[in-house]
Amino acid sequence: MESGAIQLASVGPFDLQATVESGQTYLWDRADGNMYETMSAHGGDHWYETVVPPVEGVSDERAVVRVRQTDDRLEWESTTDAVPLLTHLLRLDDDLDAILDATPDLPLLRRAYEAYRGMRLVRDPPFACLVSFICSAQMRVSRIHAMQTAMAASFGDSVAFDGRRYDAFPTPAQLAERTEDELRDLSLGYRAPYVRRTAEMVAEGEADPTDVRGMAYEDAREYLTRFVGVGEKVADCVLLFSLDFLEAVPLDTWIRTAIADYYPECDAGGYAETSRAIRDRFGGEYAGYAQTYVFYYLRAGGE
DNA sequence: GCCCAGGAAGGGG
DNA sequence: CCCCTTCATGGG
């Protein structure tokens with residue numbers, strides 16, 4: 001086991017709990033089992049853990065990572081040197097202050113940024129991100145997380161680390177070889193055939209979410225909708241939370257409410273037009289950061 | 001029982 | 001192209 005700590009003074013504002021429990025990622029577990037239950041300000045002091053597949057240019061092998069925030073430090077334990085991996089997964093390489101400074105000074109954004117100061121976007125592994133947002137359709141955050149946990153426990157590899165076993169998210173092939181009924185048994189409901197078929201597409205090499213690297217944003221969104229169960233909204237989530245398209249603004253129920261209540265002139269009818277309008281309103285390049293703060297702020301009861 | 005949850009697919013106009 | 005219905009499942 002390797003372990004260490006990242007001094008956050010060199011990173012800038014960071015809030016681990018808000019980052020991991022805000023409904024952007026469904027691939028981390030809280031060690032105390034109380035994910036999404038007891039929220040506390042800034043860090044929260046809880047251990048979070050995940051199993052990460054190899055990341056090109058960052059880590060050659062599958063890794064188990066445990067991490068917690070205490071004051072101005074990020075303590076970690078891992079099968080490997082987790083500094084580059086955590087930097088990648090939690091976007092510690094973003095200059096958050098500069099991003100927020102570049103955002104338009106709108107009252108709603110100001111309140112959301114103040115409430116969850118330090119929350120960052122995540123950079124999830126692409127395939128798991130794709131599957132988890134296919135599962136997100138008409139589903140509550142805690143149940144989306146439960147589905148990913150169930151798929152990992154039932155169909156993924158079991159990895160030993162520090163005297164315990166951790167469940168890796170299934171590979172495309174591991175999911176593709178399951179039947180629709182086996183996925184329905186994990187309470188995926190009508191999403192079961194979507195997940196199975198999309199996993200098959202990736203496993204067979206028919207398409208891969210990372211194919212969009214280098215594409216123009218709207219072309220990338222269009223490309224991802226070829227996966228079964230992926231429409232424009234889910235495509236935007238994968239682009240934003242995994243593939244570095246920080247301008248993506250997923251139009252979910254909460255952000256649509258925000259548009260109706262605060263920016264009605266941005267409702268331009270179709271998804272693409274409305275998305276373009278709210279993206280411009282939120283400053284363009286980093287509009288996805290604003291969207292994610294607003295999503296979490298409104299869902300937590302803010303107004 | 002009813003309503004809703006980070007929507008998408010399939011059909012018809 | 002837009003509009004409508006259907007699709008599971010669990011928690012309030």
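Scope of the values below: all heavy atoms of this structure, side chains included, with no hydrogens, waters or symmetry mates. Below, chains carry the letters A, B, ... as their sequence lines are ordered, and counting in each starts from 1.
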Exercise for the section: Would you check if there is a donor-acceptor pair between the side chains of A:S158 and A:R165 at a distance under 3.5 Å? Expected result: yes
Exercise for the section: Indicate whether OP1 or OP2 belonging to B:dG7 is found under 4.0 Å from a side-chain N or O atom of A:Q138. Expected result: yes
Practice task
Tell me yes or no: between the side chains of A:D236 and A:Y271, is some donor less than 3.5 Å from an acceptor?
Solution key: yes
Problem - Validation row, ring centre A:F169 to ring centre A:F155 under 6.0 Å - result: no
Practice task
Look at the aromatic rings of A:Y296 and A:Y116 and report parallel, tilted or perpendicular, splitting at 30° and 60°.
Solution key: tilted
Handout entry: Euclidean distance for P, B:dG11 against C:dA8 (whole angstrom)
Key = 15 Å
Practice task
Return the value, rounded to whole Å, for the distance between atom OH of A:Y194 and atom P of C:dA8.
Solution key: 9 Å
Practice task
Determine whether any donor atom in the side chain of A:R140 lies under 3.5 Å from an acceptor atom in the base of B:dC4, or the reverse, and answer yes or no.
Solution key: yes
Practice task
Taking only the side-chain nitrogens and oxygens of A:S187, find out if one of them lies under 4.0 Å from OP1 or OP2 of C:dG10.
Solution key: yes
Handout entry: Inter-nucleotide C1' distance (C:dC3, B:dA5), Å rounded
Key = 22 Å
Handout entry: Protein-nucleotide distance (A:L183, atom CG; C:dC7, atom P), rounded to Å
Key = 19 Å
Completion exercise
By nearest-heavy-atom nucleotide on DNA chain B, the more 5' of A:Q24 and A:G229 is A:Q24
Handout entry: Distance below 4.0 Å between A:R184 side-chain N/O and C:dA8 OP1 or OP2
Key = yes
Exercise for the section: Round to a whole Å and report the spacing from CD of A:E232 to C1' of B:dA8. Expected result: 11 Å
Practice task
Please state the P separation for the pair B:dA8 and C:dG11 - nearest whole angstrom.
Solution key: 24 Å
Exercise for the section: Measure the distance from CD on A:E180 to C1' on B:dA9 and round it to the nearest whole Å. Expected result: 14 Å
Practice task
Quick one: label A:Y271 by what it contacts on the DNA or RNA (base, sugar-phosphate, nothing), any heavy atom closer than 4.0 Å.
Solution key: nothing
Problem - Sugar-phosphate, base or nothing in reach of A:G23, heavy atoms under 4.0 Å - result: base
Problem - ILVMFWY network linking A:F133 to A:Y36, side-chain heavy atoms under 4.5 angstrom - result: yes
Exercise for the section: Find the distance A:Y190:OH to C:dT5:P and express it as a whole number of Å. Expected result: 16 Å
Exercise for the section: Using a 4.0 Å heavy-atom cut-off across all strands, classify A:F133 as base, sugar-phosphate, or nothing. Expected result: base
